[in-house]
Amino acid sequence: MTAAIETEKLTKYYGRSRGIIDIDLTVESGQIFGFLGPNGAGKSTTIRLLLDLIRPSSGHARVLGLDIHHDRLAIDRRVSYVPGELSLYSELTGGQLLTYLGNLHGSIDAIYRDKLIERVELDPTKRIKSLSRGNKQKVGLVAAFMIRPELIILDEPTAGLDPFVQLEFEHLCEETRSEGRTVFISSHQLPEVEHLCDRVGIIREGRLLAVESIADLKQRALRRLEIDFGGSVPAGAFVGLPGIRDMNVHDGILNCTVMGSVDALIKAAARYEVRNVRSIETSLEEIFMAYYGSGDGIAAAAGAGEASHVAA
Amino acid sequence: MLLRNVFTKTIRDLRWPTFWVALGMGAMTGYFALLFPTYSKIMDMNALLEKMGPMAKIFGSSIGDASTLIGFLHFELFSMMLPAGMIAFAAGLASGFTAGEESRGTIDVLLSYPVPRRRLVLEKSLAILIACFVIAAATGLFAVVGAALSASELPVGPLSAALALVVLLSLAFGAIALAISAATGNRGAAIGVTVALMIAMYLIDALANIVDGLNTIRPLSLFKYYAGHDPLRYGMDLGDTAVLVSVTAVFLVIALVAFERRDLAA
Ligand SMILES: Nc1ncnc2c1ncn2[C@@H]1O[C@H](COP(=O)(O)OP(=O)(O)O)[C@@H](O)[C@H]1O
Ligand SMILES: [Mg+2]
């Protein structure tokens, strides 16, 4: 099966300043892919290159197996896009805008569109300029999903969505995946997309650092465990169990860090009286930081709630 | 339905500006046509122009007979007001066709639908061409009605020729504005450069009538092809018309090519 997105040494310089450098990224069809990186990493640059809105300095890319420049119109019929800074014709109503975009596309299932409008509870008779940011996002989402795209590209879509729309948005993404179609979401906040994504790619300072499946990452999840045994237990009973690190037993309380499954530890502990177990799961965020992070990494961007990283 | 495609959507966007400009220009022209008999009773236009001496030539190499309505309209409106107004209309809107979508940020969504960049420019250009002709037609209509009400004679042929030339001149400046904005994405620069160019060209053409030295560069002024052949007396000159149309076509092609190749603003 052709990959939804395939880039080969994709590079973009804005004049002399770095946009992205040598991105080799493959996104297989039928998954939800998270494209993660701090502000200024090059997420929007990559996306706008894929849509032929800007042109690469070097390298190539194919979307649904088609050349991003020469086959742009064919791609646009099958791919939809919600930009990060969503700007729509504010003098139109939501309904008029969807009519216009539907006409430009050429073949829209009006019944499906109306169902989407209902699902996100959009009032299509209101002028876009009078809509709140969240309601504008609804228009953008309906516009993107109404063409039943084979690939939907969303640039930081989760900012400003109210919880209800967020949930509906996630359902739409999952439906898209279950039909074998592909979702590509960029974000600078892993926690916002980790539960949604099958795989994530990490981009920093214009370079793709890694592509990992969320399942693999979770495999490497670290947990801090604290088990309170009523009386004293021999530390030796837990030495050498798979995945156990930093273990100590003190006053009948065992502290350790477990990587991966806790099964062996729990089974070993069950031979003694257990009063209490506390488990503290480290977030994927921390795992990321452990693997790829430094001060300006994703964790810093997400944790601080804003990007401290500014490209030179 | 005006939301079928980029062309009809642009017509929709232009409908009110077009209406108001048509009303303004029409009312002004109708007003002069209506009051012409009164004006010519109060003062002898030809005598007035004579008193101005060589300066009168600033209104055109041969301004014709200001004691006729058509000559009066030329002197009052066609020498500056109407072309300046319609140029401002055409250039102001054309400069926003692509650059406006870029600065508003709507271009990302628009071009993520299957619309070729070239078609975007062409369909919007077609819309402004129609808008300019509508304004010219309305202006002509007001003039004819005003003339009829004041029982003045107004030959429709020369009037139509002059109005058609206003449109062609405006489209040429509109194409220049479009090319600059399509190539740079900078609407302000497009308007600024085009207006500066219009003023410079106007002055060259007007002053060339009294300053001989300017005649060598006069062919650089689009105004020469607009009124230089005295359309109110002789109708449209094929060569001059061809120059205006060619300039429009060249800058439209520049706009198409430049916009096709460029990185669009986020
Ligand atoms: N139009 C532009 N001109 C110059 N530099 C740009 C432009 N757009 C983006 N950049 C630069 O390219 C880098 C990547 O930006 P961007 O792709 O917007 O990052 P992200 O979407 O991950 O926040 C940044 O350093 C940014 O400053
Ligand atoms: Mg971005």
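So that the names make sense, note that chain A is the first sequence line, chain B the second, and so on, each numbered from 1. Please read all numbers here as calculations on a predicted model, not as lab measurements.
- Sparse packing is recorded around NZ of A:K115, with 12 or fewer heavy atoms of other residues, nucleotides or ligands lying under 6.0 Å away.
- For chain B, no part of A:I75 is nearby; none of its heavy atoms comes within less than 4.5 Å.
- With values rounded to the nearest 0.5 angstrom, B:L3 atom CG is found 11.0 Å from A:L98 atom CG.
- Top candidate by heavy-atom pairs under 4.5 Å with chain B, chosen from A:L88, A:L101, A:L104, A:V79, is A:L101.
- Using a 4.5 Å cut-off between heavy atoms, A:R55 contacts chain B through both its backbone and its side chain.
- Considering only heavy atoms from C-beta on, B:V109 comes within 4.5 Å of A:P83 through its side chain.
- Here B:L264 contributes atom CG and A:L51 contributes atom CG; the two are 11.0 Å apart, rounded to the nearest 0.5 Å.
- When each of B:T8, B:L111, B:I107 is scored by its heavy-atom pairs under 4.5 Å with chain A, the top score falls to B:L111.
- Between chain B and the residues A:L49, A:L92, A:V82, the largest count of heavy-atom pairs under 4.5 Å involves A:L92.
- No other option in A:Y81, A:Y14, A:Y100 has as many heavy-atom pairs under 4.5 Å with chain B as A:Y100.
- If you measure heavy-atom distances from A:S44 to chain B, you find no contacts under 4.5 Å at all.
- Remark: A:H69 NE2 is packed, more than 12 non-hydrogen atoms of other residues, nucleotides or ligands lying under 6.0 Å away.
- For the residue pair B:Y113 and A:R72, the shortest heavy atom distance occurs at O-NH1, 3.6 Å.
- Here the NZ-OG1 distance, from B:K9 to A:T99, works out to 12.5 Å after rounding to the nearest 0.5 Å.
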Salt bridge (charged side-chain N to carboxylate O under 4.0 Å, His left out) assessment of B:R15 paired with A:E91: CA-CA 13 Å; B:R15 66 194 199 272; A:E91 71 279 6; over 6 Å; no
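- Closest heavy-atom contact between B:P114 and A:D76: N-CB, 3.6 Å.
- The structure places OG of A:S87 at 12.5 Å from CD of B:E102, a figure rounded to the nearest 0.5 Å.
- B:A265 approaches A:R48 most closely through the heavy-atom pair O-NH2, 3.0 Å.
- Considering A:L86, A:L53, A:I47, A:D155 as possible partners of B:D108, the one that fulfils the side chain to side chain contact (heavy atoms under 4.5 Å, CB included) test is A:L53.
- Interface remark: A:A143 contributes backbone and side-chain atoms alike to the contact with chain B (heavy atom separation under 4.5 Å).
- Counting heavy atoms of neighbouring residues, nucleotides and ligands inside a 6.0 Å radius, atom CE of B:M28 exceeds 12 of them.
- For CD of B:E260, the number of neighbouring non-hydrogen atoms (other residues, nucleotides, ligands) closer than 6.0 Å is greater than 12.
- Contacts of B:R117 with chain A are made by both backbone and side-chain atoms, with heavy-atom separations under 4.5 Å.
- More than 12 heavy atoms of other residues, nucleotides or ligands shown are found within 6.0 angstrom of CZ on B:F7.
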